[in-house]
Amino acid sequence: MTGTDPSNAAARAQTRISVSDPKIMVNLLGAKDEILRHIERTLTSDVHVRGNEITITGVPADNATAERLFSELIELIERGETLSVDAVRRTVAMLEQNTAERPAEVLTINILSRRGKTIRPKTLGQKRYVDAIDENTIVFGIGPAGTGKTYLAMAKAVQALTAKQVNRIILTRPAVEAGERLGFLPGTLNEKIDPYLRPLYDALHDMLDPESIPRLMAAGTIEVAPLAYMRGRTLNDAFIILDEAQNTTPEQMKMFLTRLGFGAKIVVTGDVTQVDLPGGTTSGLRIVREILQGVDDVHFSELTSSDVVRHRLVAEIVDAYARYDVEQEQQATQSVHAVPGRAASGGRPNRRR
């Protein structure tokens with residue numbers, strides 16, 4: 001039997017939280033107490049619920065953390081949210097970052113609502129990305145798959161169109177696999193470019209009534225086109241999104257950014273770890289930060305694995321690949337330095353030519 005340290009026992013205290021509304025308590029516990037069990041696993045303090053009262057037992061600092069978590073979760077419910085384990089997980093992650101933004105505020109920011117579905121940021125990084133789009137003319141959203149960088153940008157574009165802040169939305173992607181020379185592909189023009197632009201159409205269907213999309217596209221209010229079709233144009237009063245920007249060359253990136261017209265806004269999204277350009281080709285997204293460093297009204301938002309809003313394994317996969325890339329770079333560096341006189345290109349040392 002393990003004894004209890006009297007000094008530790010003396011340091012423990014109790015904090016009680018009363019929840020007056022039974023509906024809030026039911027939501028806070030979750031189906032079959034699923035949410036409560038997750039909270040218990042998350043917190044260091046012990047949590048006990050009886051009736052409308054939550055008792056938290058632990059050292060004062062841990063109790064304060066638990067009390068703040070319950071306070072944020074209760075406010076989320078009071079704002080009309082149906083609590084989920086995922087929302088608890090994201091609330092905990094934001095509290096651990098100890099930032100000025102409150103989770104209850106971040107997780108209830110509405111960008112678009114349609115047919116009962118609301119699009120909103122789900123992480124602190126996403127909230128700051130959305131804020132940057134509001135505050136800047138050109139925004140780069142850079143991060144791994146699943147961080148919502150394109151989806152949120154499109155939601156902001158539809159919001160701007162609905163509010164008449166812009167007259168049209170232009171969505172574009174580089175068609176890398178076809179080298180942007182689409183002629184050799186079979187089918188009509190639409191069939192040729194469709195595989196590269198389909199994800200943008202799918203997102204549009206989430207945000208607009210499907211029957212209105214063909215009408216808006218026929219009127220030119222919404223345009224979805226490969227990047228090559230942007231050349232030579234000046235885009236005024238438009239919300240322009242360049243997706244998969246890691247697959248642009250530096251020349252293409254320059255061409256695209258200089259399409260900016262009066263009353264327009266540009267959002268560029270991409271993942272620099274998934275470049276599909278031919279070997280040796282430099283990604284325009286990788287060097288644009290250095291080129292535009294210090295330019296006013298241009299913002300770079302960095303999203304990370306903590307902003308992934310897909311299955312939890314996606315974040316772990318992103319982190320695993322990042323670790324692998326670092327290890328490969330370290331091994332490559334060590335192998336170059338391990339052989340004196342050998343050039344980085346692998347030539348033989350001291351060889352006469």
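Sequential numbering from 1 along the given sequence is applied to the chain's residues. A quick note: this is a predicted structure, and the numbers were derived from the prediction, not measured.
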Visitor: Arg79 and Thr108: side-chain donor and acceptor closer than 3.5 Å?
Guide: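 Yes, because at least one side-chain N or O of Arg79 sits under 3.5 Å from a partner of the opposite role on Thr108.
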Visitor: Is there a donor-acceptor pair closer than 3.5 Å between any side-chain N or O of Lys127 and the backbone N or O of Glu105?
Guide: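 No, the answer is negative, given that no donor and acceptor are paired below the 3.5 Å cut-off.
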Visitor: Tell me whether Lys265 contacts the main-chain N or O of Ala238 through its side chain, where contact means a donor paired with an acceptor under 3.5 Å.
Guide: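 Checking the backbone N and O of Ala238 against the side chain of Lys265, no donor-acceptor pair under 3.5 Å is found.
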Visitor: Applying side chain to side chain contact (heavy atoms under 4.5 Å, CB included), run through Leu200 and Asp243 and close with a yes or a no.
Guide: CA-CA 9 Å; Leu200 302 179; Asp243 189 33; 3.8 Å; yes
Visitor: Does this structure show an ion pair linking Arg128 with Glu135, if we count only N-O contacts that are shorter than 4.0 Å?
Guide: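 Salt bridge between Arg128 and Glu135, a charged N being under 4.0 Å from a carboxylate O: no.
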Visitor: Grouping I, L, V, M, F, W and Y whenever their side-chain heavy atoms are under 4.5 Å apart, do Val309 and Val130 come out in a common cluster?
Guide: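 Looking at the clustering, Val130 is in a separate group from Val309.
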Visitor: Transitively linked via ILVMFWY side-chain contacts under 4.5 Å: Leu73 with Val26?
Guide: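 Hydrophobic grouping puts Leu73 apart from Val26.
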Visitor: Between Asn63 and Gly58, is there a donor-acceptor pair closer than 3.5 Å when you use the side chain of the first and the backbone of the second?
Guide: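 Yes, the answer is positive, given that a donor and an acceptor are paired below the 3.5 Å cut-off.
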Visitor: In terms of hydrophobic clusters joined by side-chain contacts under 4.5 Å, are Ile266 and Phe300 together?
Guide: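 Same cluster: Ile266 reaches Phe300 through Ile, Leu, Val, Met, Phe, Trp or Tyr contacts under 4.5 Å.
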Visitor: Quick one: are Leu303 and Ile142 in side-chain contact, heavy atoms under 4.5 Å?
Guide: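 Not in contact.
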Visitor: What closest approach, in Å, do Arg286 and Val272 show between heavy atoms, and which atom pair accounts for it?
Guide: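 Nearest heavy atoms, Arg286 then Val272: NH2-O, 2.6 Å.
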Visitor: Quick one: do Ile77 and Leu28 satisfy side chain to side chain contact (heavy atoms under 4.5 Å, CB included)? Show the steps, please.
Guide: CA-CA 8 Å; Ile77 298 168; Leu28 196 58; 4.1 Å; yes
Visitor: Could you check Lys156 against Leu152 for side chain to side chain contact (heavy atoms under 4.5 Å, CB included), going step by step and ending with a plain yes or no?
Guide: CA-CA 6 Å; Lys156 292 298 293 182; Leu152 289 173; 5.6 Å; no
Visitor: For Leu277, is there any backbone N or O sitting under 3.5 Å from a side-chain donor or acceptor partner on Thr281?
Guide: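 Between the backbone of Leu277 and the side chain of Thr281 there is no qualifying donor-acceptor contact (under 3.5 Å).
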Visitor: Return yes if some donor-acceptor pair links the side-chain N/O of Ser71 with the main-chain N/O of Glu67 below 3.5 Å, else return no.
Guide: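 The answer is no, because no donor-acceptor pair under 3.5 Å joins these two groups.
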Visitor: Strictly distance-based, threshold 3.5 Å: is any side-chain N or O of Asp209 a donor or acceptor partner for the main-chain N or O of Glu211?
Guide: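 No, because the side chain of Asp209 does not come within donor-acceptor range (under 3.5 Å) of the backbone of Glu211.
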Visitor: To the nearest 0.5 Å, how far apart are CD1 in Ile169 and CZ in Phe239?
Guide: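 Going from the CD1 atom of Ile169 to the CZ atom of Phe239 covers 8.0 Å.
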Visitor: Looking at Lys122 and Asp86, does any basic side-chain N land under 4.0 Å from a carboxylate oxygen?
Guide: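 No, Lys122 and Asp86 are not salt-bridged.
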Visitor: Given side chains that start at C-beta, do those of Glu223 and Met230 come closer than 4.5 Å, heavy atoms only?
Guide: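 Yes - at least one pair of side-chain heavy atoms lies under 4.5 Å apart.
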Visitor: State whether Asp46 and Arg12 are salt-bridged, where the test is any N-O pair (Lys NZ or Arg NE/NH1/NH2 against Asp/Glu carboxylate O) under 4.0 Å.
Guide: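 Result for this pair is yes, salt bridge flagged.
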Visitor: Charged N to carboxylate O below 4.0 Å: is that the case for Arg102 and Glu75?
Guide: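 So Arg102 pairs with Glu75 through a salt bridge.
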Visitor: Quick one: CD1 on Ile35 to NE2 on His38, what's the gap to the nearest 0.5 Å?
Guide: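 Spacing of CD1 (Ile35) from NE2 (His38) equals 9.0 Å.
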Visitor: Distance from Asp21 atom CG to Lys23 atom NZ, nearest 0.5 Å?
Guide: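 Answer rounded to 0.5 Å: 7.0 Å.
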Visitor: Tell me whether Asn110 contacts the main-chain N or O of Leu112 through its side chain, where contact means a donor paired with an acceptor under 3.5 Å.
Guide: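 No, because the side chain of Asn110 does not come within donor-acceptor range (under 3.5 Å) of the backbone of Leu112.
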Visitor: State, without any angle test, whether Thr137 and Asp297 hold a side-chain donor-acceptor pair at a distance under 3.5 Å.
Guide: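 Note: Thr137 and Asp297 side chains meet the donor-acceptor criterion.
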Visitor: Where is the tightest heavy-atom contact between Ala203 and Met154, given as atom of each residue plus distance?
Guide: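 Reported closest heavy-atom pair: CB-SD, 3.5 Å.
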Visitor: Heavy atoms only: give me the nearest Pro60-Ala11 pair and the separation to one decimal.
Guide: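 It is CD-O, 3.4 Å.
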Visitor: Verify the distance criterion only: is there a donor paired with an acceptor across the side chains of Gln246 and Glu244 at less than 3.5 Å?
Guide: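 Yes, a side-chain donor-acceptor pair sits under 3.5 Å.
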Visitor: Treating Arg90 as the side-chain partner and Thr123 as the backbone partner, does any N or O pair qualify as donor plus acceptor under 3.5 Å?
Guide: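 Answer holds: no.
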Visitor: Under 4.5 Å between side-chain heavy atoms, hopping through other hydrophobics if needed: is there a path connecting Val295 to Leu260?
Guide: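 Yes, one cluster joins them.
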Visitor: Side-chain contact test, heavy atoms from C-beta onward, threshold under 4.5 Å: evaluate it for Val268 versus Met253 and give yes or no.
Guide: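 They are in side-chain contact.
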Visitor: Run the side chain to side chain contact (heavy atoms under 4.5 Å, CB included) check on Lys254 and Ile291 step by step: do they pass?
Guide: CA-CA 10 Å; Lys254 178 183 177 182; Ile291 294 170; over 6 Å; no
Visitor: Can you check whether Ile74 reaches Val19 side chain to side chain, under 4.5 Å on heavy atoms?
Guide: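 The answer is yes, as the side chains (C-beta and beyond) meet within the 4.5 Å cut-off.
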Visitor: Rounded at 0.5 Å granularity, tell me how far CE in Met217 sits from CD1 in Ile222.
Guide: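 Here the rounded value is 7.0 Å.
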Visitor: Measure the spacing between CD1 of Ile119 and CD1 of Ile109 and express it to the nearest 0.5 Å.
Guide: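 The distance works out to 14.5 Å.
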Visitor: Quick one: closest heavy-atom pair of Thr172 and Ala225, and the distance?
Guide: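 Between these two residues, the closest heavy atoms are OG1-O, 2.8 Å.
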Visitor: Indicate, with yes or no, if Leu161 and Tyr201 share a hydrophobic cluster defined by side-chain heavy-atom contacts under 4.5 Å among Ile, Leu, Val, Met, Phe, Trp and Tyr.
Guide: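 Linked, Tyr201 and Leu161 end up in one cluster.
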Visitor: When you compare the side chain of Arg168 with that of Asp237, does any pair of heavy atoms fall below 4.5 Å?
Guide: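 They are not in contact (no side-chain heavy atoms under 4.5 Å apart), so the answer is no.
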Visitor: Do the side chains of Ile54 and Ser18 get nearer than 4.5 Å, heavy atoms only?
Guide: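 Answer no - side chains too far apart.
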Visitor: So which heavy atom on Leu76 is nearest to which on Leu83, and how close?
Guide: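 The pair with the smallest heavy-atom distance is CD1-CD1, 4.2 Å.
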Visitor: Compare all side-chain heavy atoms of Leu292 with those of Leu257 and state whether any distance is below 4.5 angstrom.
Guide: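 Answer yes - side chains close enough.
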Visitor: In the structure I gave you, are the side-chain heavy atoms of Asn167 and Thr221 within less than 4.5 Å of one another anywhere?
Guide: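 A side-chain contact under 4.5 Å is absent here.
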Visitor: If only atom types and distance count, is the side chain of Arg37 paired as donor or acceptor with the main-chain N or O of Lys32 below 3.5 Å?
Guide: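 The answer is yes, because a donor-acceptor pair under 3.5 Å joins these two groups.
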Visitor: If you measure from CE on Met207 to OG1 on Thr162, what distance do you get to the nearest 0.5 Å?
Guide: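 Reported value, rounded in 0.5 Å steps: 11.0 Å.
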Visitor: Can you name the closest pair of heavy atoms from Asn247 and Gln274 and give their distance?
Guide: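 Closest approach of Asn247 to Gln274, heavy atoms only: OD1-O, 4.0 Å.
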Visitor: Please determine whether salt bridge (charged side-chain N to carboxylate O under 4.0 Å, His left out) holds for the pair Glu81 and Arg120, giving the CA-CA distance in whole Å, both sets of side-chain angles, and the decisive distance to 0.1 Å.
Guide: CA-CA 12 Å; Glu81 296 301 301; Arg120 55 168 59 112; 2.9 Å; yes
Visitor: Look at the side chain of Gln252 and the backbone N and O of Thr249, then say whether any donor-acceptor pair between them is shorter than 3.5 Å.
Guide: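 Checked: pair present.
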Visitor: Would you say Tyr129 and Asp307 are linked by a side-chain donor-acceptor pair, where the criterion is simply a distance under 3.5 Å?
Guide: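 No, no side-chain donor-acceptor contact under 3.5 Å.
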